[in-house]
Participant: 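The structure that follows is given in the form of structure tokens.
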There are 2 protein chains.
Amino acid sequence: MNEDKSADEKTGRGTVRTITDLARLAGVSPGTVSRALAGKSLVNTKTREKIEAIAREHGFRPNQMASGLRRQKTGVIGVVIPLGHDSRQQISDSFFMTLLGFLADELTRQGYDLMLRRVVPENDADWLDRFIGSGMIDGVIVIGQSDQFDRIEDVADGYGPMVVWGNHTEGQRHCVVGTDNRLGGRLAAERLIAAGAKRLAFLGDTTAIEFAARFAGAQDAARRMDLPPVMALPTHLSPERAAEEIAAHIAAHAGAIDGIFAATDTLAALCLTELHARGVAVPGDIKLAGFDDLPIARQTVPPLTTVRQDIAAGARGLVDLLLRRLAGEQTESLILPAQLVARQTA
Amino acid sequence: MNEDKSADEKTGRGTVRTITDLARLAGVSPGTVSRALAGKSLVNTKTREKIEAIAREHGFRPNQMASGLRRQKTGVIGVVIPLGHDSRQQISDSFFMTLLGFLADELTRQGYDLMLRRVVPENDADWLDRFIGSGMIDGVIVIGQSDQFDRIEDVADGYGPMVVWGNHTEGQRHCVVGTDNRLGGRLAAERLIAAGAKRLAFLGDTTAIEFAARFAGAQDAARRMDLPPVMALPTHLSPERAAEEIAAHIAAHAGAIDGIFAATDTLAALCLTELHARGVAVPGDIKLAGFDDLPIARQTVPPLTTVRQDIAAGARGLVDLLLRRLAGEQTESLILPAQLVARQTA
DNA sequence: CGGAAAAATGCAATCGTTTGCAAATTGCGC
DNA sequence: GCGCAATTTGCAAACGATTGCATTTTTCCG
């Protein structure tokens, strides 16, 4: 008991756990305490101050589970990363992680907590409904459509507070925030072409819809310039697999191409290393462009030409739209512009 | 109403929201439904199957808030990243993000959800108590001690289910999982010395306790070899600030040192770029070593000699210890070995 | 000082699930 | 078919905070 007491003195945990305990100490009813702590105007300033003082002294915090249950809202936003086309993508891909960081900051700023879930849709077809139906979250942000576009569309019909990071497709029903991937792809390809490349290749997994759009953009550029179609070189994102796949692609096609557009900077950096190892000059023999403008793009040798996504703006957009949907508003998707960052690989 | 119905048919949300709704449909009492869904042995197999069937058909999920409230446990583990010594560290430092990824996987595997919070202790002295006292989490994992060692120690006395990623200090009271930073620092310095360096410098912010230990390890090695003490070059982790700070350090000391031990690979990569820009040969003029063995360490030119931390093992350790503490066990800290990865910068 | 309006507080139901205990049902041996 | 034990079920009270409504207290004005 001595232990209990000293712990309580120091940390304030222990004696006053519930609003009722606090009410007893303050000599009022639990209802009044609730109102005082919620800062409602109905309670006398003096009583409020007294209650606040006792609360502070004992380090009291109202139980959010109980509060959530009663008010039918939790103050928690779910963030889910579906790992559809490539289970280990996220670990390697610092893009998603950076976005997550900004999201955490932005949600905190708005008074929400963040519940994170990574799911593997092929093991668990029900991933999105499960999360939404758990009763633990007020809304959900999906980071990346992966290969789950249809699943997300289905849910969007019946569930409002959802916003998705990804690619916008004409006529889709779920609200997305994302970069104009097709434009970005076109910009990258145009740059490669302007630098002298004529036979282009695309490095990435086009079953992911964002990447497919980047590929399509590159294809647009090639067609417009009357060049042969861009060759698709399927590549996973996990570093182990990507490295060998890239090596194989280059071994097979190095002579036949003179421009590579990589779906992400991470892949581009890997590709650069591999080209370097094989003695292929960049941008001399082969021009190279990436996508994302991650910190690594600045640090490769030579520094990487790439397409910039504004991650911070993306996070702000996601949260902003979600909050408006939470408030009952209907919202349109938000497409952020892509911007070419010309460095030295093309 | 038509809308409602069709939404329900597709997604199963709508009609059967509570266990009571389900009970009515099944013709039993809510208690029985609860037991059936929890898989308790007390309920007749036939009734259970019927209940499960109806639940599946309507996509019913029990409300976790209510369940949590009643059972006094939430199934959620809090993960908090204190941003003490450098507010933007996390965004740049892919180490923490990678650890977070593994943590998410490991917690999911164990049936827990993850609630993520980033806090700035200087705005909010109460950050840890607040999180713990929210009633939303069963336990907490703190990623990085930052400059909050004392705060964490205080809490550890009164609150069991907490495990911290960071550095272990003799006699501390909170349970930590982390790499043997001092050993790692020594290994790095020894390698620099073996490669011929005699006047070493340490790049990093030694107010962060993990970094201080790495620095101390390097100092040990220098002392043991009768070399002059390692020079401390304070550097923040955020890429913008780090870049200029490093440039300044190098401008000021390039001639006076021939070995640099960077507190993280990210800093090492930045440093390498800067040295390269100034025409300093690595490892010819200056030897360089990093820490972490992030993917980037493989991709610099030349590839980075560094000290490997086993991030996946760290995540497993954190979760394992936390679960044992949740079960009431007392646990010791877990120190993972550091391992030198010799590449080409030293 | 009386009385009505305004302000502050208390009461009790409620959110949805779990669980101890009591009641009802079933099974079984004779 | 009876009695007793073993299974299944139902009942109702929690968990802790919120809130509509009723009640009390205060304020203010004539």
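Everything quoted here is computed from the prediction, not taken from an experiment. Computed from heavy atoms alone, side chains included, the values below leave out hydrogens, waters and symmetry copies. Naming convention: chains lettered A, B, ... in sequence-line order (proteins, then strands); numbering from 1 in each chain.
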Participant: Return the CZ to CZ distance between A/F131 and B/R61, rounded to the nearest 0.5 Å.
Facilitator: 12.5 Å
Participant: Can you check each nucleotide of nucleotides 16-26 of chain D against protein heavy atoms at under 4.0 Å and return B for base, S for sugar-phosphate only, - for none, in 5' to 3' order?
Facilitator: BBBBB------
Participant: So which heavy atom on B/G144 is nearest to which on B/P82, and how close?
Facilitator: O-CG, 3.2 Å
Participant: Quick one: are B/V119 and B/R130 in side-chain contact, heavy atoms under 4.5 Å?
Facilitator: no
Participant: Reading DNA chain C in the 5' to 3' direction, which nucleotide is the first one with an atom under 4.0 Å from a heavy atom of chain B, and which is the last?
Facilitator: C/dG16 to C/dG20
Participant: Mind checking what makes side-chain hydrogen bond (donor to acceptor under 3.5 Å, both in side chains) contact with B/T169, not counting sequence neighbours?
Facilitator: none
Participant: Does atom CD (A/E329) have a neighbourhood of more than 12 heavy atoms from anything else shown, all under 6.0 Å?
Facilitator: yes
Participant: To the nearest 0.5 Å, what is the distance between CD1 (A/I137) and CG (A/D113)?
Facilitator: 12.5 Å
Participant: If you define the side chain from C-beta out and look only at heavy atoms, does anything of B/F60 sit under 4.5 Å from B/D21?
Facilitator: no
